[in-house]
K.L.:
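Mind looking over this structure? Questions follow.
Residue numbering restarts at 1 for every chain, and letters A, B, ... go by the order of the sequence lines.
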Number of protein chains: 2
Amino acid sequence: MDVQRLELLRELADRGSVTAVALATHRTPSAVSQQLKVLEREAGLPLTQRQGRGLVLTDAGRALARSATDVAVSLAKATALWDEFRNHASGEVSLVTFPTAGQMLLPGVIKNLGPGLVLNCADEDPELSDFPAFTAEYDIVLAHSMSGQLSWAGRGLKVVPLMTEPLDVGLPVGHPLADRAWVGPRDLAGETWIGVTDGYPFERILHAIEQEAGAHLSMSQRFADLALIESFVIAGLGIALVPRYTSGGGQPGRLVLKPLRGVESQRQIVALMRPDRAERVAVRTVIEALQSEAAKVEQSHTAK
Amino acid sequence: MDVQRLELLRELADRGSVTAVALATHRTPSAVSQQLKVLEREAGLPLTQRQGRGLVLTDAGRALARSATDVAVSLAKATALWDEFRNHASGEVSLVTFPTAGQMLLPGVIKNLGPGLVLNCADEDPELSDFPAFTAEYDIVLAHSMSGQLSWAGRGLKVVPLMTEPLDVGLPVGHPLADRAWVGPRDLAGETWIGVTDGYPFERILHAIEQEAGAHLSMSQRFADLALIESFVIAGLGIALVPRYTSGGGQPGRLVLKPLRGVESQRQIVALMRPDRAERVAVRTVIEALQSEAAKVEQSHTAK
DNA sequence: ACGTCCATGTAGCTAGTCTAAAGAGTTCAT
DNA sequence: ATGAACTCTTTAGACTAGCTACATGGACGT
């Protein structure tokens, strides 16, 4: 019963193909195939099954892969323990983020990391991507979801909430609603909206506003990039839902943010990780830095 | 971070010497020493320390050994899972018992075990032995303790209670107390006792009786073997504390058992295991058989 | 039907882990 | 004190397990 082989099976469960596992583990596909075969012989029952030119796990294989995760977690805990004894968080941590969260949190995090800990960041457009899938490639995945709706719980991933960011209504200066302290769904009935591409969490809030206001919202454009959306709003081409903490960076004073009441309007920013990776000291250190940075951002805004 | 090496460290923590580990793992001491050295180099800090001609773990070493147990447990769970898929409990299980428990439980257990599962039993005299120490050598250790007093909890061992056996007062037929339904501490003040060797749990109950009765008990003999004690009682040389379910096997009808009231008088029979071994399907099967057998014994006596 | 993609066999090499034997330090008894 | 017994360690050499490289055999798409 070898751990390395179990780990290979787990990778196969996550990545879905022998070649992908081989690539990820810096081996040839042949080596992976051989080890899986040995594991299967040891187990005494088929763990994989050919499907087309690919390979899928059997029920038994999936079950074993799941318990392999527990093994990986306890192993990671052991190495974390010994890292703590030497007390230095060693190695590199990789992270993907969607643009706005990265802009808001990462600079502060990287500044506060001690020496010897390297954080490799990348960004991915969230619209076309499946956040959990990135956990195979990166140690930490920054994702967003609507409040409460943890769509990616239950896949065996560790989810660490970082912050809750309100989504405000962005208006150009001089807009009729710009003097109000806040706005409600009914106020927004006649407006033209600058929307975001499908799949974004914003989408659901707009639907909720439509329901509350009892009116259809007209959506003139659909963009993925926040700065682009804001420039349209400032130009008076419509109004938009924008995350409070990350908006207005480009052109301060030219965009007015109004809290939205009557509709749950916030997004939750979370960190997603494979449970074993979450145990690494270096990873935990980064997570803690993210949390404190997130708290700092939230506080600096509520203080205003 | 190799699991085998961690396992070696754990064995060292349990057994206390390189030679013992080597013996237990069917290796030469040299191999063990080398592997521990590698682990130490990987860890970057000393895990062991010479003491006399032996070797002891450092704090870091002990901590790592403890987390190695978690790894072993999750690994054992994984293999158990796959055993369940094949649903047969494979392999051999070793067990030590103290004589009376073995006599009471083991025959019934072995009869009810399915084929392919071999149970290797041994017995050890409990007086001179440290029950937990046997868990290094045997999968299951049958031990007894006073009720509630779990003296060997906290060493990281798994403790499964099997049964609670009352300790009665054994009298020869024709003894003045033989007609009573039960006896109390005061009834026993003037009696001569056949005692057991030091360290036995019986010891404490006798002290409790002394306290309650306010009298010193005279102890004429001290034996370890129950049958021997009983033969002395039957011969009228004294009275004794005997476990209700296991006594009288030799000479039925010649020994009278009276429940003892006013003093907590029972012993708990438990199974002790290393947590990782407790996860093995074969071991779990034996434990279940022990539990059901114990329940059967208890029931057959309360029914009378 | 052909090229492509994926998984799997085969042969040979490398690296890691074992044994065997000798060495160094500690304890105990004579 | 000196040697015998014990324990852990070191060294050198053998063996084995797992890897790469290359070749093979199905499955898909054009």
Side-chain angles (χ1 to χ4, degrees), chain A residues 1-58 60-62 64-65 68 71-72 75 79 133 136, chain B residues 1-58 60-62 64-65 68 71-72 75 79 133 136:
Chain A
M1 185 56 156
D2 184 55
V3 180
Q4 300 230 52
R5 283 194 261 268
L6 270 182
E7 200 57 26
L8 245 44
L9 190 72
R10 193 165 77 95
E11 289 289 346
L12 185 65
D14 279 4
R15 300 182 191 269
S17 91
V18 172
T19 335
V21 174
L23 225 54
T25 58
H26 309 291
R27 271 183 271 232
T28 54
S30 175
V32 175
S33 181
Q34 286 173 57
Q35 293 309 310
L36 288 176
K37 181 148 285 286
V38 173
L39 191 66
E40 213 161 31
R41 196 162 43 76
E42 278 180 356
L45 45 82
L47 301 175
T48 59
Q49 200 176 325
R50 296 213 64 143
Q51 188 175 72
R53 47 186 167 184
L55 199 65
V56 292
L57 291 178
T58 61
R62 256 188 302 279
L64 251 184
V71 176
L75 241 168
T79 76
Chain B
M1 185 56 156
D2 184 55
V3 180
Q4 300 232 52
R5 283 194 262 266
L6 272 182
E7 200 58 25
L8 244 45
L9 190 73
R10 194 164 76 95
E11 289 289 346
L12 184 65
D14 279 5
R15 301 181 189 269
S17 91
V18 172
T19 339
V21 174
L23 225 53
T25 59
H26 308 291
R27 272 183 270 231
T28 54
S30 173
V32 176
S33 181
Q34 287 174 60
Q35 293 309 311
L36 288 176
K37 182 151 283 290
V38 173
L39 190 67
E40 212 161 32
R41 193 163 43 75
E42 278 181 356
L45 44 83
L47 301 175
T48 61
Q49 201 177 327
R50 295 213 63 144
Q51 188 176 73
R53 49 185 169 185
L55 199 65
V56 290
L57 291 179
T58 61
R62 254 188 302 280
L64 251 185
V71 176
L75 240 168
T79 76

K.L.:
Under 3.5 Å, is there a donor-acceptor pair between the side chain of B:R27 and the main chain of B:V32?
P.N.:
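Not a single qualifying donor-acceptor pair exists.
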K.L.:
Provide the closest heavy-atom pair for B:V18 versus B:L12 in the form atom of the first, atom of the second, distance.
P.N.:
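Scanning both residues completely, I find the closest heavy atoms to be N-CD1, 3.8 Å.
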K.L.:
What parts of residues 43-50 of chain B reach DNA chain D, counting only heavy atoms under 4.0 Å away?
P.N.:
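DNA chain D contact set from residues 43-50 of chain B: B:R50.
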K.L.:
Round to the nearest Å and state the distance from B:L36 atom CG to D:dT9 atom P.
P.N.:
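So the two atoms are 8 Å apart, to the nearest Å.
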K.L.:
Base of D:dT10, side chain of B:S33 - is there a donor-acceptor contact under 3.5 Å?
P.N.:
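Checked by distance alone, the answer is no.
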K.L.:
Can you list the residues that meet the side-chain contact (heavy atoms from CB on, under 4.5 Å) rule with A:R53, with sequence neighbours excluded?
P.N.:
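So A:R53 forms no side-chain contact (heavy atoms from CB on, under 4.5 Å) with any residue.
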K.L.:
Nearest whole angstrom, please: distance from the C1' of D:dG25 to the CG of A:L55.
P.N.:
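The distance from CG of A:L55 to C1' of D:dG25 comes to 15 Å, rounded to the nearest Å.
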K.L.:
Write out a two-atom table: protein N or O, nucleotide N or O from nucleotides 16-19 of chain D, distance below 3.5 Å.
P.N.:
from   : atom 1 : to    : atom 2 : distance (Å)
D:dG18 : OP1    : A:R5  : NH1    : 3.3
D:dC19 : OP1    : A:R27 : NH1    : 2.4
D:dC19 : OP2    : A:Q35 : NE2    : 3.1

K.L.:
Quick test of your reading: applying salt bridge (charged side-chain N to carboxylate O under 4.0 Å, His left out), list the pairs with at least one residue in residues 9-18 of chain B, sequence neighbours left out, ordered by first then second residue.
P.N.:
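For residues 9-18 of chain B: B:E7-B:R10, B:R10-B:D276, B:E11-B:R15, B:E11-B:R274, B:D14-B:R274, B:R15-B:E137.
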K.L.:
How close do A:T19 and A:P29 get, counting heavy atoms only, and between which atoms?
P.N.:
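Result for this residue pair: CG2-CG, 4.1 Å.
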K.L.:
Hey, is CD on B:Q4 packed in by over 12 heavy atoms from elsewhere, all under 6.0 Å?
P.N.:
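12 or below, so no.
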K.L.:
Chain A on DNA chain C: first and last contacting nucleotide, 5' to 3', under 4.0 Å to a heavy atom?
P.N.:
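Contact boundaries, 5' end first: C:dT4 to C:dT10.
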K.L.:
Kindly write out the residues that satisfy side-chain contact (heavy atoms from CB on, under 4.5 Å) with A:Q49, not counting sequence neighbours, or none if the list is empty.
P.N.:
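Listed in chain order: A:V56, A:T58.
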K.L.:
Closest approach of A:A60 and A:P46, non-hydrogen atoms and distance?
P.N.:
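Result for this residue pair: CB-O, 4.3 Å.
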K.L.:
Do you know the tightest heavy-atom contact between B:E42 and B:D2?
P.N.:
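It is OE1-N, 4.4 Å.
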K.L.:
Which heavy atom of A:T48 sits nearest a heavy atom of A:E40, and at what distance?
P.N.:
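Looking at all heavy atoms of both residues, the shortest contact is N-OE2, 3.1 Å.
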